[in-house]
Undergrad: 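Once you've had a glance at the structure underneath, I'll fire off some questions.
Here, residue 1 is the first one in the sequence, and each next residue gets the next number.
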Amino acid sequence: QVQLVESGGGLVQAGGSLRLSCAVSGGTFSSYTMGWFRQAPGKEREFVAGISWSGGRTYYADSVKGRFTISRDNAKNTVHLQMNSLKPEDTAVYYCAASRNYLIIASQGAYVSWGQGTQVTVSS
């Protein structure tokens, strides 16, 4: 299984932007579909965005569509989540995850490797 390490979280005001990164090691990165999930205090972990192994297909949760952009660099074994127009309700711990499924699946059960998470806090 691959190992994942997230970075880029922090505190930002509403309307601001952050870019999360996930460095992947220990496997063939380009063979994995990648996803970002988040978990707010007292809530279940939820799907945010996913990207196919080639980067040619992406999928977003309705709550972030038009504001967040997922991308990947297979040469650098990294996946990014550009977050714009942030809202207080985006506050959560954000997790990077890897799946061997060809399809982008929003269910956590499809993902075999997870990072430790990075905190994003959006103040009003």
Undergrad: Do Q1 and W114 come close enough that some side-chain heavy atom pair is under 4.5 Å?
TA: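 Not in contact.
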
Undergrad: Does either side chain, that of S17 or that of N84, offer a donor lying less than 3.5 Å from an acceptor on the other one?
TA: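 Yes, side-chain donor-acceptor contact under 3.5 Å.
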
Undergrad: To the nearest 0.5 angstrom, please state how far the CG atom of L81 sits from the OG atom of S71.
TA: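 L81 atom CG to S71 atom OG measures 8.5 Å (nearest 0.5 Å).
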
Undergrad: Working to the nearest 0.5 Å, report the span between CD1 of I104 and OG1 of T58.
TA: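 Spacing of CD1 (I104) from OG1 (T58) equals 6.5 Å.
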
Undergrad: Would you say the side-chain atoms of E46 pair up with the backbone N or O of R38, donor to acceptor, closer than 3.5 Å?
TA: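 The answer is no, because no donor-acceptor pair under 3.5 Å joins these two groups.
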
Undergrad: Kindly compute the distance separating OG (S52) from CG (L103), expressed to the nearest 0.5 Å.
TA: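 Interatomic distance, S52 OG to L103 CG, rounded to 0.5 Å: 10.0 Å.
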
Undergrad: In Å and rounded to the nearest 0.5 Å, what is the OG1 to OH distance from T33 to Y111?
TA: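 The OH atom of Y111 is 7.0 Å from OG1 of T33, to the nearest 0.5 Å.
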
Undergrad: With a 4.5 Å cut-off on side-chain heavy atoms, are Q116 and L4 touching?
TA: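 The answer is no, as the side chains (C-beta and beyond) never meet within the 4.5 Å cut-off.
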
Undergrad: Which heavy atom of C96 sits nearest to which heavy atom of V79, and what is that distance?
TA: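 Scanning both residues, the minimum pair turns out to be SG-CG1, 3.6 Å.
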
Undergrad: With side chains defined as the heavy atoms from C-beta onward, is the minimum distance between Q13 and V122 less than 4.5 Å?
TA: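 Of all side-chain heavy-atom pairs linking V122 with Q13, none is under 4.5 Å.
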
Undergrad: Can you find a heavy atom in the side chain of F29 that is under 4.5 Å from one in the side chain of R72?
TA: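 Yes; the side chains approach each other to less than 4.5 Å.
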
Undergrad: Does the distance from a Lys or Arg side-chain N to an Asp or Glu carboxylate O, for K65 and D62, drop under 4.0 Å?
TA: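 Salt bridge present between K65 and D62.
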
Undergrad: Are V120 and L20 close enough that some pair of their side-chain heavy atoms sits under 4.5 Å apart?
TA: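 Counting from C-beta outward, V120 and L20 do come under 4.5 Å.
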
Undergrad: CD1 of I51 to CZ of R57: how many Å apart, nearest 0.5 Å?
TA: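 These two atoms lie 10.0 Å from each other.
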
Undergrad: Who are the side-chain hydrogen bond (donor to acceptor under 3.5 Å, both in side chains) partners of R45, not counting sequence neighbours?
TA: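 Testing R45 for side-chain hydrogen bond (donor to acceptor under 3.5 Å, both in side chains), a comparison that skips the adjacent residues, returns none.
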
Undergrad: Please name all residues satisfying side-chain hydrogen bond (donor to acceptor under 3.5 Å, both in side chains) with Y32, sequence neighbours left out, ordered by chain then number.
TA: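 If we apply the side-chain hydrogen bond (donor to acceptor under 3.5 Å, both in side chains) test to Y32, skipping adjacent residues, the hits are R100.
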
Undergrad: With V24, which of T78, V2, V5 fulfils side chain to side chain contact (heavy atoms under 4.5 Å, CB included)?
TA: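 It is V2; the other options fail the test.
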
Undergrad: Write out all pairs satisfying ring pair (Phe, Tyr, Trp, His ring centres under 6.0 Å) with one or both partners inside residues 65-94, taking only residues at least two apart or from two chains.
TA: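 Checked against ring pair (Phe, Tyr, Trp, His ring centres under 6.0 Å) - neighbours excluded - no pair reaches residues 65-94.
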
Undergrad: Taking the six-membered ring for Trp and the full ring for Phe, Tyr or His, determine whether the centres of F47 and Y60 are under 6.0 Å apart.
TA: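 No, ring centres 6.0 Å or more apart.
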
Undergrad: Is a side-chain donor or acceptor of T28 paired with a backbone partner of S30 at a separation under 3.5 angstrom?
TA: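 No: the side chain of T28 does not pair with the backbone of S30.
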
